[in-house]
Novice: 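Pasting a structure here, questions to come.
If you're wondering where the values come from, they're calculated on a predicted model, not measured in any experiment. Per chain, numbering begins at 1; letters A, B, ... match sequence-line order.
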Number of protein chains: 2
Amino acid sequence: MNLKKTMVLSNTYYYGNHPILVAVDNIIFGFDTVEERLKVLLFKRLVEPYAGEWSLIGSFVQEGQNIDDAASSVLEELTGITGLYLEQLKTYGNADRDTGERVISIAYYSLLKLEEDNAQLRDQHDSFWFDISEVPNLVLDHGQMVKDAIRKLKIKARRSPIGFELLPEKFTLRQFKSLYEQIYQAEIDDRNFRKKILATGLLDKLEEKDKTTSKKGAFLYTFNKEKYDEYLSRGFDIQFH
Amino acid sequence: MNLKKTMVLSNTYYYGNHPILVAVDNIIFGFDTVEERLKVLLFKRLVEPYAGEWSLIGSFVQEGQNIDDAASSVLEELTGITGLYLEQLKTYGNADRDTGERVISIAYYSLLKLEEDNAQLRDQHDSFWFDISEVPNLVLDHGQMVKDAIRKLKIKARRSPIGFELLPEKFTLRQFKSLYEQIYQAEIDDRNFRKKILATGLLDKLEEKDKTTSKKGAFLYTFNKEKYDEYLSRGFDIQFH
DNA sequence: TCAAAAGTGTTGGGATTACACCCATGG
DNA sequence: CCATGGGTGTAATCCCAACACTTTTGA
């Protein structure tokens with residue numbers, strides 16, 4: 001393309017260019033507090049091409065629709081919950097990435113708390129929560145998107161107290177620690193983890209205990225919303241091992 | 001103008017969706033080793049809407065063109081140099097972000113060495129290198145793009161030995177330090193900086209001295225390409241104050 | 001001879017790691 | 001009463017920040 005020529009066509013600046021289908025795709029992460037595993041939600045694709053194969057969920061960006069709204073609509077329709085954590089990841093736009101038509105896809109990732117609604121999602125949508133270490137082959141470049149999202153989540157977890165979005169209201173330190181172990185794919189020393197996390201002041205200890213995993217019972221904690229917001233704005237840096 | 005008319009969609013999955021104009025915009029950073037300032041290259045917009053105002057440079061993504069190639073084409077035509085550092089930043093897609101027509105823009109940022117070709121670029125393209133602390137009002141959401149790019153550059157500088165892309169072949173430690181000071185917008189202790197940077201092994205000391213800024217003269221350094229590549233793949237983490 | 005930038009080391013404090021044993025309790 | 005997971009503290013090390021003076025030389 002010749003830049004100067006385009007610039008001269010001042011009245012027809014937009015004219016003659018090639019409009020393209022734009023989609024959003026969503027990498028949905030959830031932490032299963034029972035299995036203590038970080039999961040990603042994948043879908044059996046119902047349409048050709050690639051019907052029957054696993055894929056991310058997405059939609060086309062509609063006329064007059066903000067791209068962020070396109071991504072959050074998908075998520076809200078799926079979960080029935082508004083205000084979930086959602087962040088843009090990256091845009092994938094190789095000319096041949098979709099073999100059916102040219103489509104540019106803006107990938108987002110989102111974090112949600114996995115509690116009982118897990119089964120409900122699955123029934124409604126031919127979907128399944130895969131352990132992030134066991135992601136199957138995905139259609140198109142969705143496998144790359146998931147890889148990129150996991151890498152971004154690692155970075156994010158270090159610089160932002162992200163557990164809030166992935167853990168239920170009340171949780172044990174064991175669950176919190178295994179969330180970090182899942183994200184970093186590494187073991188963390190128990191004593192050092194407790195020390196560092198409690199020192200941040202992010203967690204409030206409750207009176208209650210969870211007795212599902214031990215006879216002694218483990219104290220439940222909850223996030224201190226004020227501290228959390230403070231860290232979100234002031235910045236945060238936590239690292240293990 | 002009815003954009004839909006221009007698309008012929010062969011498959012029902014894609015049919016009925018709304019194709020959109022897609023652009024790339026480029027935030028071009030350069031480090032001026034004489035002024036010791038980090039700069040961003042902006043352009044006087046020649047077309048309506050907003051003719052005469054400052055803007056980023058960009059282009060529309062063409063039929064069959066990869067988005068990364070669209071971004072690098074712009075940069076190559078502008079500079080005449082291939083293989084410059086170029087990375088995707090973020091996609092901006094509010095429905096009303098461009099008042100002329102709906103356009104989704106994928107922003108990229110790039111780093112280049114500012115040497116003598118500076119003046120040449122300016123003549124050709126109504127462009128000007130602005131200090132990053134003195135960016136004027138920009139058209140559309142380009143101001144936000146520049147802000148986001150600067151934030152990303154800060155993060156990038158910490159985790160990647162990025163100076164390679166912004167400094168000339170030979171440079172003094174003073175220049176290197178002021179590059180970091182410009183990126184972080186903070187003063188850095190001279191002795192600690194030297195210690196830390198030299199300890200990485202990234203720099204090779206040359207015999208030559210640069211005498212333009214002092215009577216004593218400052219030794220010139222050059223990047224050790226092997227170490228640089230090693231850090232790029234293995235990861236890097238440097239922080240000051 | 002002096003102004004202006006280049007260059008150079010040490011020390012104290014804080015943070016991080018590594019590491020092992022007692023506690024509580026339900027079955 | 002014992003097996004299982006919950007919970008706790010300290011010492012050694014490393015890394016980082018703070019800090020001031022000497023050198024060189026052109027004008």
Novice: Just do the side chain to side chain donor-acceptor pair (under 3.5 Å) check on B/Glu87 and B/Tyr85 with the steps written out, would you?
Specialist: CA-CA 7 Å; B/Glu87 188 170 317; B/Tyr85 183 93; 2.6 Å; yes
Novice: Please report, rounded to the nearest Å, how far the P atom of C/dA5 is from the NZ atom of B/Lys177.
Specialist: 12 Å
Novice: Cation over ring, A/Lys227 on A/Phe223, under 6.0 Å and within 45°?
Specialist: no
Novice: Out of C/dT17, C/dA6, D/dG5, which has the shortest distance to the side chain of A/Thr213?
Specialist: D/dG5
Novice: When you check the phosphate oxygens OP1 and OP2 of C/dA5, does a side-chain N or O of B/Arg174 lie under 4.0 Å from one of them?
Specialist: no
Novice: Of all the choices, C/dG9, D/dG9, C/dA5, which nucleotide is nearest to the side chain of B/Lys195 once you look at every atom?
Specialist: C/dG9
Novice: Taking any heavy-atom pair under 4.0 Å as a contact, classify B/Lys211: base, sugar-phosphate, or nothing.
Specialist: sugar-phosphate
Novice: To the nearest Å, how far apart are B/Glu208 CD and C/dA6 C1'?
Specialist: 17 Å
Novice: Nearest whole angstrom, please: distance from the P of C/dA6 to the NZ of B/Lys205.
Specialist: 13 Å
Novice: Does any donor-acceptor pair link the side chain of B/Arg191 with the base of C/dA6 at a separation under 3.5 Å?
Specialist: no
Novice: Could you check whether B/Phe130 and B/Phe128 have their ring centres less than 6.0 Å apart?
Specialist: yes
Novice: NZ of B/Lys209 versus C1' of D/dG26: gap in Å, rounded?
Specialist: 13 Å
Novice: Could you state the atom-to-atom distance from CG of B/Asn192 to C1' of D/dA20 in whole Å?
Specialist: 13 Å
Novice: Please give, in whole Å, the distance from D/dC19 P to B/Ile188 CD1?
Specialist: 17 Å
Novice: Please tell me which of A/Lys216 and A/Asp189 maps to the more 5' nucleotide of DNA chain C, matching each residue to the nucleotide holding its nearest heavy atom.
Specialist: A/Asp189
Novice: Mapping B/Gln239 and B/Gly217 to their closest nucleotides on DNA chain D, which lands nearer the 5' end?
Specialist: B/Gln239
Novice: If you check every side-chain atom of B/Phe219, which of C/dG7, C/dA5, C/dG9 has the closest atom?
Specialist: C/dG7
Novice: Return whichever of B/Lys215 or B/Phe240 has its heavy-atom-nearest nucleotide of DNA chain D closer to the 5' end.
Specialist: B/Phe240
Novice: Consider the side chain of A/Asp190, meaning its heavy atoms from C-beta on, and name the nucleotide among D/dA18, C/dG7, D/dG7 that approaches it most closely.
Specialist: D/dG7
Novice: Atom NZ of B/Lys196 to atom P of C/dG7: distance rounded to whole Å?
Specialist: 20 Å
Novice: Could you give the CZ-to-P distance, from B/Phe193 to D/dC16, as a whole number of Å?
Specialist: 15 Å
Novice: Identify whether NZ of Lys or CZ of Arg in A/Lys196 sits under 6.0 Å from the centre of the six-membered ring of A/Phe240 and within 45° of that ring's axis.
Specialist: yes
Novice: Indicate, with a heavy-atom threshold strictly under 4.0 Å, whether A/Arg194 touches base, sugar-phosphate, or nothing.
Specialist: base
Novice: Taking the six-membered ring of A/Phe219 as reference, does the cationic atom of A/Lys205 (NZ for Lys, CZ for Arg) lie under 6.0 Å from its centre and within 45° of its axis?
Specialist: yes
